[in-house]
Undergrad: 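Got a structure here, written out as structure tokens. Questions coming.
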Amino acid sequence: MKLLLLGPPGAGKGTQAHRLMARYAIPQLATGDMLRKEVADGSDLGRTACEIMERGDLVGDDLIVDMIAGRIDQQDCRNGFILDGFPRSPAQAEALDTMLSTRSSALDRVIEIGVDDDILVGRITGRFTCRACGAGYHDVFRKPAESGVCDFCGSRGFDRRADDNEETVRSRLAVYHRQTAPLLPYYASRGILVTVDGMAAIDVVTEQILAALPAPSRIDSGDGRLLQ
């Protein structure tokens, strides 16, 4: 199962990706994390990317596609993968399609997790976590049973991310929509784009995604078993 998940920060993309990873025995390929690992490992690709970034330039599409190509050739991608962070433009999408076609492959589905921006801003700006144990809370949707006291460890210390403020969140949403808008007609024209309601309950979103996916022909657990 070869998938691309589209969705702005806070849409639940990470949660859904992890559910799909478990169900189909496929990895999530976050290109930002992959690039940082290449640089940290000192690979040829990583050294080239590091030189580019040190000049203040952006890493080119060809280099990113080469990195993805090398990654999907690894054993843990035998059942497919979930792309996250690439492509961000029709030109990148075309480069990705060309690379996959050289492997007689193609994306099976592109899933857009649709959200309401105003509601999403409320979701994100209301988040806070316990400083001691990391338990997550929300000003509206998930308050501690006792105000100011963590339900799990009893701590009275809580933190909020500095970038979980309305101005920053709306700026990130604007960037996402600007980058993603041209991708939607590109993938729609190929008949593989499906939009699900990201404002629904988590389990409902998962059900929508699963209903939109083709039945996998084979899911290899890696230990000789076939997963259902």
Side-chain angles (χ1 to χ4, degrees), residues 1-113 134 161-164 168 171-183 186-187 192 219-223:
M1 189 69 67
K2 296 169 286 294
L3 307 175
L4 168 62
L5 288 186
L6 299 176
K13 186 171 57 176
T15 297
Q16 297 303 328
H18 279 86
R19 291 185 172 198
L20 294 169
M21 289 165 63
R23 184 179 183 92
Y24 294 109
I26 55 178
Q28 181 180 15
L29 308 185
T31 51
D33 292 342
M34 290 165 59
L35 188 57
R36 284 187 286 272
K37 184 177 186 303
E38 294 283 351
V39 172
D41 289 348
S43 67
D44 289 344
L45 188 151
R47 286 194 295 272
T48 301
C50 188
E51 291 172 0
I52 292 171
M53 292 185 288
E54 286 177 348
R55 295 198 303 265
D57 297 328
L58 295 175
V59 177
D61 294 349
D62 290 346
L63 197 65
I64 298 297
V65 171
D66 286 346
M67 180 179 68
I68 295 172
R71 181 67 182 86
I72 65 175
D73 287 340
Q74 295 179 18
Q75 180 64 15
D76 65 336
C77 291
R78 60 189 173 276
N79 295 319
F81 50 82
I82 302 170
L83 277 173
D84 178 7
F86 189 93
R88 295 181 182 272
S89 70
Q92 292 178 346
E94 290 175 2
L96 175 67
D97 285 345
T98 298
M99 180 273 287
L100 290 174
S101 70
T102 65
R103 289 162 167 75
S104 301
S105 184
L107 292 176
D108 293 303
R109 288 289 185 276
V110 175
I111 304 294
E112 179 199 19
I113 302 179
R161 283 178 45 167
D163 58 351
D164 278 357
T168 300
S171 176
R172 289 159 63 194
L173 286 170
V175 170
Y176 168 77
H177 290 308
R178 186 167 62 249
Q179 291 177 334
T180 304
L183 283 175
Y186 176 84
Y187 284 120
I192 60 174
I219 304 178
D220 186 348
S221 66
D223 58 6

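The chain is numbered in sequence order, starting from 1. Note that the structure is predicted; figures quoted are calculated from it, not measured. Every heavy atom of this structure was used, including side-chain atoms; hydrogens, water molecules and symmetry mates were not.
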Undergrad: So do Y186 and V110 actually touch side chain to side chain, heavy atoms under 4.5 Å?
TA: no
Undergrad: Tell me the closest heavy-atom pair linking K13 and G7, and the distance in Å.
TA: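 Minimum heavy-atom separation between K13 and G7: NZ-O, 3.2 Å.
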Undergrad: Report yes if some heavy atom in the side chain of V65 is under 4.5 Å from a heavy atom in the side chain of T98; otherwise report no.
TA: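 No - every pair of side-chain heavy atoms lies 4.5 Å or more apart.
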Undergrad: Could you state the interatomic distance from CG (D73) to CZ (R78), rounded to the nearest 0.5 Å?
TA: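 One gets 14.0 Å once the value is rounded to the nearest 0.5 Å.
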Undergrad: Applying side-chain contact (heavy atoms from CB on, under 4.5 Å), run through I111 and Q16 and close with a yes or a no.
TA: CA-CA 11 Å; I111 304 294; Q16 297 303 328; over 6 Å; no
Undergrad: Atom NE2 of residue position H177 - does it have more than 12 heavy atoms of other residues, nucleotides or ligands inside 6.0 Å?
TA: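 Yes.
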Undergrad: Just how far is it from atom CD of E94 to atom CG of D61, taken to the nearest 0.5 Å?
TA: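 That separation rounds to 10.5 Å.
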Undergrad: Checking side-chain contact (heavy atoms from CB on, under 4.5 Å) for the pair L4/Y187: CA distance, chi angles, key distance, verdict?
TA: CA-CA 10 Å; L4 168 62; Y187 284 120; 3.7 Å; yes
Undergrad: In Å, rounded to the nearest 0.5 Å, how long is the span from CD1 of I64 to CD of E38?
TA: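 One finds 9.5 Å between CD1 of I64 and CD of E38.
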Undergrad: With a 4.5 Å cut-off on side-chain heavy atoms, are D163 and R172 touching?
TA: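 SC-SC contact between R172 and D163 confirmed.
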Undergrad: Verify the neighbour count for atom CG of D41: are there more than 12 heavy atoms of other residues, nucleotides or ligands below 6.0 Å?
TA: yes
Undergrad: Within the structure provided, determine whether L183 and Q92 are in side-chain contact (heavy-atom separation under 4.5 Å).
TA: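 When only atoms from C-beta onward are counted, Q92 and L183 do not touch, as no gap falls below 4.5 Å.
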Undergrad: Can you measure from CZ (R88) to CD (Q179) and round to the nearest 0.5 angstrom?
TA: 5.0 Å
Undergrad: Just so I know, are the side chains of F81 and K2 near enough to count as touching, which here means a heavy-atom distance under 4.5 Å?
TA: yes
Undergrad: Any sub-3.5 Å donor-acceptor pair from R47's side-chain atoms to G42's backbone N or O?
TA: yes
Undergrad: Determine the minimum heavy-atom distance between V39 and G46, stating which atoms define it.
TA: CG2-O, 3.6 Å
Undergrad: Report yes or no: does D108 contribute a side-chain atom to a donor-acceptor pair with the main-chain N or O of L3 at less than 3.5 Å?
TA: no
Undergrad: Nearest 0.5 angstrom please: T48 OG1 to M67 CE, how far?
TA: 12.5 Å
Undergrad: If I compare all heavy atoms of A93 with all of P87, which pair ends up nearest, and what's the gap?
TA: N-CB, 3.5 Å
Undergrad: Please walk me through it: do L100 and I72 pass side-chain contact (heavy atoms from CB on, under 4.5 Å)?
TA: CA-CA 10 Å; L100 290 174; I72 65 175; 3.7 Å; yes
Undergrad: Side chains of I82 and I26: does their closest heavy-atom pair fall under 4.5 Å?
TA: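 Yes, side chains in contact.
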Undergrad: With side-chain contact (heavy atoms from CB on, under 4.5 Å) as the criterion, how do D84 and L5 come out once you've worked through the C-alpha distance, each side chain's angles and the decisive distance to 0.1 Å?
TA: CA-CA 6 Å; D84 178 7; L5 288 186; over 6 Å; no
Undergrad: What pair of heavy atoms forms the shortest contact from I52 to L58, and how long is it?
TA: CG2-O, 3.4 Å
Undergrad: If you measure from OG on S105 to CG on D97, what distance do you get to the nearest 0.5 Å?
TA: 10.0 Å
Undergrad: State, with a plain yes or no, whether a side-chain heavy atom of P27 is found less than 4.5 Å away from one of R71.
TA: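 P27 vs R71: side chains touch.
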